[in-house]
Structure formats: structure tokens, C-alpha cells
Amino acid sequence: MIGSGAREHALAWALAKSADVVVTPGNPGIAAHGITCVNTPSTELDAELFVIGPDQPVVDGLADLLRAQGKTVVGPGADGARLEGSKAYLKEFLASAKVPTAAYGVFDDENEALAFLATMSPPYVIKTDGLAAGKGVLVTGDLVEASNDVREKLSGRAFGAAGRTVVIEEGLDGPECSLMVLCDGVNVTALVPSQDFKRLGDGDTGANTGGMGAYAPMTALSANEVDEIMERVVAPTIRELTRRGIDYRGVLYAGIMMTSAGPKILEYNARFGDPETQVLVPLYGDGLFDLLLRVGEGRLEGALPEATGAAVTVILASHGYPQSPRRGDVIAGLGNDGQLALATEGVTVFHAGTQVDADGHFVTAGGRVLAVTGVGATLAEARRRAYEGAALITFEGRVMRSDIALAVA
Ligand code: AMP
Ligand code: GLY
């Protein structure tokens with residue numbers, strides 16, 4: 001397992017139910033949970049299966065390096081990962097695949113971008129072409145703010161090289177869903193649909209963040225709607241990948257908006273979502289290793305492990321997140337294993353940004369600190385457990401939304 005966040009903690013924890021797992025580099029919470037963490041680069045390790053967690057190594061072509069060594073990998077090569085790594089490439093790809101998405105223009109010239117923007121109607125949507133840690137998208141009804149954002153991005157001031165090309169999009173409206181699809185190069189299977197909460201504050205207010213919580217399954221999405229997404233969005237995408245000679249083996253994460261004109265794709269990611277993974281993997285019991293091995297080996301056909309139950313995850317973030325997160329606040333409520341000191345049924349704590357201080361206490365060490373996942377037979381039970389667990393963990397300046405999955409549980 002490659003990576004160091006709560007997503008990788010959740011994946012490693014789920015894989016460890018049926019495999020020996022080593023995480024590089026991992027984090028102190030994963031190690032405390034009894035899962036081996038090493039600092040050895042993945043290209044110097046040997047394993048039956050390599051799973052790449054974060055976006056950057058996938059986009060940088062780590063899967064290509066590993067496959068060149070004969071390794072079995074979950075994660076597309078650099079060619080497939082361009083779907084996430086460049087929004088301009090994504091839009092061109094979607095157009096040639098005839099996948100429904102927002103109308104758009106791509107610009108690196110300020111005057112041309114501003115002239116195009118003036119022809120659009122609100123809400124205005126401005127995206128950096130390159131990776132921006134989930135923070136490269138502005139959605140605003142204010143043309144002045146949108147114009148300033150275009151200038152900040154194109155000048156390189158806001159996001160460096162990632163922003164020197166921007167995609168300006170038609171604003172879409174409707175409920176959003178995260179549909180992660182496993183792809184073995186030929187066969188696809190959708191994982192349970194989930195929903196994440198990107199804004200900092202209750203009621204979807206405040207700044208965009210990496211995600212403040214999530215739940216699965218997204219019950220508002222019917223089986224018919226999932227089928228519609230698979231037919232109208234995923235299937236033509238896979239055909240286009242094949243047409244371009246891209247052997248995509250990994251997770252294809254579709255960020256979808258269910259508009260009145262049907263599902264439209266907002267983005268593809270070439271990896272598991274964070275924090276959606278923290279609510280997906282608990283639903284697959286000990287079946288995750290088998291599932292991912294079959295992705296890597298190109299054997300996804302046939303019966304697959306089924307998901308059961310529901311899960312809700314609540315993010316505990318540090319003081320000042322997302323602009324200027326503070327580090328070093330002592331976390332109360334965790335035992336030596338990094339889990340709840342007062343064990344609560346159906347709750348697992350995944351570490352995103354923690355460290356162990358000289359006294360052996362867990363302290364905050366990043367923006368998002370912990371993801372507290374509750375599982376249960378229903379979303380209501382999962383939600384109650386997640387918030388009961390979260391209430392037992394305290395630190396100075398803790399930031400938490402109180403309405404994750406409230407409307408559905
Ligand atoms: P992205 O990283 O492209 O998924 O964008 C981040 C967030 O911005 C999405 O989850 C949506 O909430 C919002 N967004 C992106 N594209 C659009 C669009 N065309 N219309 C409205 N909202 C959008
Ligand atoms: N939760 C959104 C993402 O992983 O990109």
C-alpha cells in the first residue's frame with residue numbers, strides 16, 4: 001500500500017483482514033494499529049499486489065515503473081491517469097467519447113479567457129488544468145470574483161504551473177455523487193455509490209476542503225440511476241480508453257452531477273476517493289484483497305464480493321483548516337493503538353494527520369487529522385456511531401461538521 005493518509009489507513013486496514021499488508025510510508029496511526037509501515041520506496045519492495053493511494057504518484061507514472069518490474073498493480077499508468085492529471089485533456093477526451101459533461105473552454109491567455117467568461121452565465125466555474133489538492137476549482141455567482149480567479153490562476157500566483165492553463169465551464173446543478181468503478185482493463189464493476197461533503201461548514205457553507213465527511217451507500221441514487229451512469233458515462237469512457245490503447249487497471253472515480261438532463265461528469269480521478277474510501281471499504285468485509293487482486297490481474301469477470309450495511313465518516317480537522325492548519329495540539333480520547341480509548345461498537349478511527357510526541361501522545365500534524373468511521377446496518381445507526389466516536393476525541397481548536405449524512409439518516 002502506497003500513501004500516508006486516512007484513505008490509505010482504511011485501505012490497509014481492510015486489506016489486512018485477508019493479507020499481510022506493508023504500507024510505505026504510512027503514518028503513526030497506521031503503525032499503532034498494528035500494520036507494518038516502512039520508509040522503503042515501493043520500487044524496492046516485493047509484494048503480490050501493489051495498491052497506489054494518492055493522485056500524485058499515479059499521475060507521475062509509478063504504476064508504469066512497478067509494472068515494468070513485473071509487479072501486479074492497482075492504479076493506471078501515466079496515460080490513464082491523465083484523466084485526473086489534466087482537466088483540459090479530460091474535457092477533450094470526454095468530447096471525443098461523447099460523454100455528457102459541462103460545456104467549456106480551455107485557455108492560457110488572459111484576454112481570451114476573460115472574453116469567454118463574459119459570454120457565460122452564472123454560476124461561473126474556473127478550474128486549474130493540473131492537480132491542486134482538491135482546491136483548484138472555484139464556483140461563484142460573482143463575475144468579478146471569477147475574473148480575479150482567472151487572473152490569479154493564469155499568472156501562476158495561485159497554483160503555480162497547475163494553474164497556467166484553466167478550464168472555464170458551464171455551471172451545472174443537481175445532487176452530486178461519487179461512483180468508484182473498478183476496472184481491470186476490460187471489465188468494470190461499480191462499487192457502492194457514496195457522497196462526500198466538500199465544504200467546511202454545516203449546510204454546505206464556507207471554504208472548499210479536501211472533504212469533511214462522507215457516507216455510503218448513497219440511498220438517494222436508485223439502481224436505475226447507477227445503471228444510467230454506467231451506460232452513459234462509464235461505458236463510453238472505457239471504450240475510448242481502449243480506442244486510445246490505454247490499459248486502465250485501477251479505480252476510476254467518477255464525480256457525477258445528476259442534472260435534470262441526466263448524469264454529467266464533473267471530474268474523473270484515477271484513484272480511490274478521500275474520504276469516500278473510509279466509508280466504502282468497511283462494507284466489503286474481508287473481500288477487498290480478492291477484489292483488488294482481480295483488478296490488478298485482469299480477472300474481474302464472474303461473481304464479486306458483495307457490499308453490506310452502511311457507513312458514515314466524520315472528519316476531525318485542526319484549528320485553522322483549510323487555510324492555515326495548526327499542528328501540535330494534543331489529542332485526547334485515543335489509546336496507544338490510535339483507536340478510541342473507550343471502545344465503541346462499530347467505530348474505527350483512521351489517521352490522516354497525526355504524530356506521536358515525546359510523551360507518547362498523539363498530536364495533530366496536518367489539516368485533516370482523523371476520520372472517524374461508524375458502520376451499522378443502516379445509515380442512521382452508522383451515523384449515530386460515527387458521531388458517538390467523534391465526541392470521544394477532543395483537541396484544542398477541533399473542526400468538525402455536525403451534519404454529515406444528517407439529511408439521509
Ligand atoms: P471537481 O474537482 O472538478 O470535481 O470540482 C470540485 C467541485 O466543484 C465539485 O464537486 C462540484 O461541487 C463543483 N463543480 C465542478 N464543476 C462544476 C460545474 N460544471 N458546475 C457546478 N459545480 C461544479
Ligand atoms: N473526495 C474527493 C476526492 O477524493 O477527490
Side-chain angles (χ1 to χ4, degrees), residues 1-27 29-31 33-85 131 180-189 191 241 246-253 268-274 276-278 280-282 284-301 304-305 350-352:
M1 179 78 230
I2 293 136
S4 62
R7 163 184 50 206
E8 288 76 24
H9 189 170
L11 284 164
W13 167 83
L15 291 168
K17 293 179 181 194
S18 47
D20 292 323
V21 180
V22 171
V23 190
T24 175
N27 68 39
I30 301 175
H33 210 175
I35 299 168
T36 306
C37 294
V38 297
N39 277 317
T40 318
S42 57
T43 48
E44 292 170 26
L45 292 169
D46 204 9
E48 191 180 355
L49 179 69
F50 287 73
V51 181
I52 309 176
D55 50 15
Q56 195 70 56
V58 183
V59 169
D60 291 345
L62 178 59
D64 298 313
L65 282 181
L66 292 168
R67 288 197 178 100
Q69 297 177 330
K71 308 282 176 48
T72 302
V73 187
V74 174
D79 54 1
R82 278 186 84 194
L83 289 178
E84 172 165 11
L131 293 180
M180 283 181 246
V181 175
L182 297 179
C183 181
D184 70 356
V186 178
N187 306 287
V188 290
T189 186
L191 298 176
L241 285 166
I246 297 171
D247 181 23
Y248 196 107
R249 293 184 188 211
V251 179
L252 183 65
Y253 165 129
Y268 272 130
N269 294 321
R271 38 117 192 133
F272 280 100
D274 190 347
E276 291 95 327
T277 299
Q278 291 90 303
L280 270 189
V281 296
Y284 289 88
D286 63 4
L288 190 71
F289 178 70
D290 177 46
L291 208 47
L292 294 190
L293 188 64
R294 287 167 66 177
V295 169
E297 292 181 341
R299 294 190 293 108
L300 259 189
E301 71 286 352
L304 297 168
F350 299 118
H351 288 234

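Along the sequence shown, residues carry numbers from 1.
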Does any part of the side chain of [Y], heavy atoms only, come nearer than 4.5 Å to the side chain of [X], both counted from C-beta?
{"X": "Leu83", "Y": "Leu241", "value": "yes"}
{"X": "Val181", "Y": "Thr189", "value": "no"}
{"X": "Leu182", "Y": "Arg294", "value": "no"}
{"X": "Pro54", "Y": "Glu8", "value": "yes"}
{"X": "Asp55", "Y": "Val58", "value": "no"}
{"X": "Glu276", "Y": "Arg7", "value": "no"}
{"X": "Asp290", "Y": "Pro305", "value": "yes"}
{"X": "Cys183", "Y": "Val295", "value": "no"}

Is a side-chain N or O of [X] found less than 3.5 angstrom from the main chain of [Y], in a donor-acceptor match?
{"X": "Asn269", "Y": "Arg271", "value": "no"}
{"X": "Lys17", "Y": "Phe289", "value": "no"}
{"X": "Asp60", "Y": "Leu62", "value": "no"}
{"X": "Arg249", "Y": "Gly296", "value": "yes"}
{"X": "Asn39", "Y": "Pro25", "value": "no"}
{"X": "Asn27", "Y": "Ser4", "value": "yes"}
{"X": "Asp64", "Y": "Ala78", "value": "yes"}

> Could you go step by step and tell me if Val74 and Phe50 meet the side-chain contact (heavy atoms from CB on, under 4.5 Å) rule?
Replying inline: CA-CA 6 Å; Val74 174; Phe50 287 73; over 6 Å; no
Going from [atom1] on [X] to [atom2] on [Y], what distance comes out if it is rounded to the nearest 0.5 angstrom?
{"X": "Thr36", "Y": "Ile30", "atom1": "OG1", "atom2": "CD1", "value": "11.0 Å"}
{"X": "Leu15", "Y": "Tyr284", "atom1": "CG", "atom2": "OH", "value": "14.0 Å"}
{"X": "Asp286", "Y": "Leu291", "atom1": "CG", "atom2": "CG", "value": "11.5 Å"}
{"X": "Met180", "Y": "Leu252", "atom1": "CE", "atom2": "CG", "value": "11.0 Å"}
{"X": "Leu45", "Y": "Leu66", "atom1": "CG", "atom2": "CG", "value": "9.0 Å"}
{"X": "Thr72", "Y": "Leu292", "atom1": "OG1", "atom2": "CG", "value": "12.0 Å"}

Over all atoms of both residues, closest heavy-atom pair of [X] and [Y]:
{"X": "Gln278", "Y": "Gly273", "answer": "OE1-O, 4.2 Å"}
{"X": "Ala63", "Y": "Gly75", "answer": "CB-O, 3.4 Å"}
{"X": "Tyr248", "Y": "Gly80", "answer": "CE1-O, 3.7 Å"}
{"X": "Ala31", "Y": "Cys37", "answer": "N-SG, 3.8 Å"}

>> Less than 3.5 Å apart, any donor N or O on the side chain of Tyr253 or Glu84 sitting next to an acceptor on the other?
In response: no
> Do Asp184 and Val186 pass the side-chain contact (heavy atoms from CB on, under 4.5 Å) test, and can you show the C-alpha distance, the side-chain angles, and the key distance before you say yes or no?
Replying inline: CA-CA 6 Å; Asp184 70 356; Val186 178; 3.9 Å; yes
>> Run the side-chain contact (heavy atoms from CB on, under 4.5 Å) test on Glu297 and Leu49 for me, step by step, so that the C-alpha distance in whole Å, both residues' side-chain angles and the decisive distance to 0.1 Å come before the verdict.
In response: CA-CA 9 Å; Glu297 292 181 341; Leu49 179 69; over 6 Å; no
> Parallel under 30°, tilted from 30 to 60°, perpendicular over 60°: which one fits the rings of His9 and His351?
Replying inline: tilted
>> Under the criterion side-chain contact (heavy atoms from CB on, under 4.5 Å), I'd like the reasoning laid out for Lys71 against Thr43: C-alpha separation, chi angles, the key distance, then a yes or no.
In response: CA-CA 9 Å; Lys71 308 282 176 48; Thr43 48; over 6 Å; no
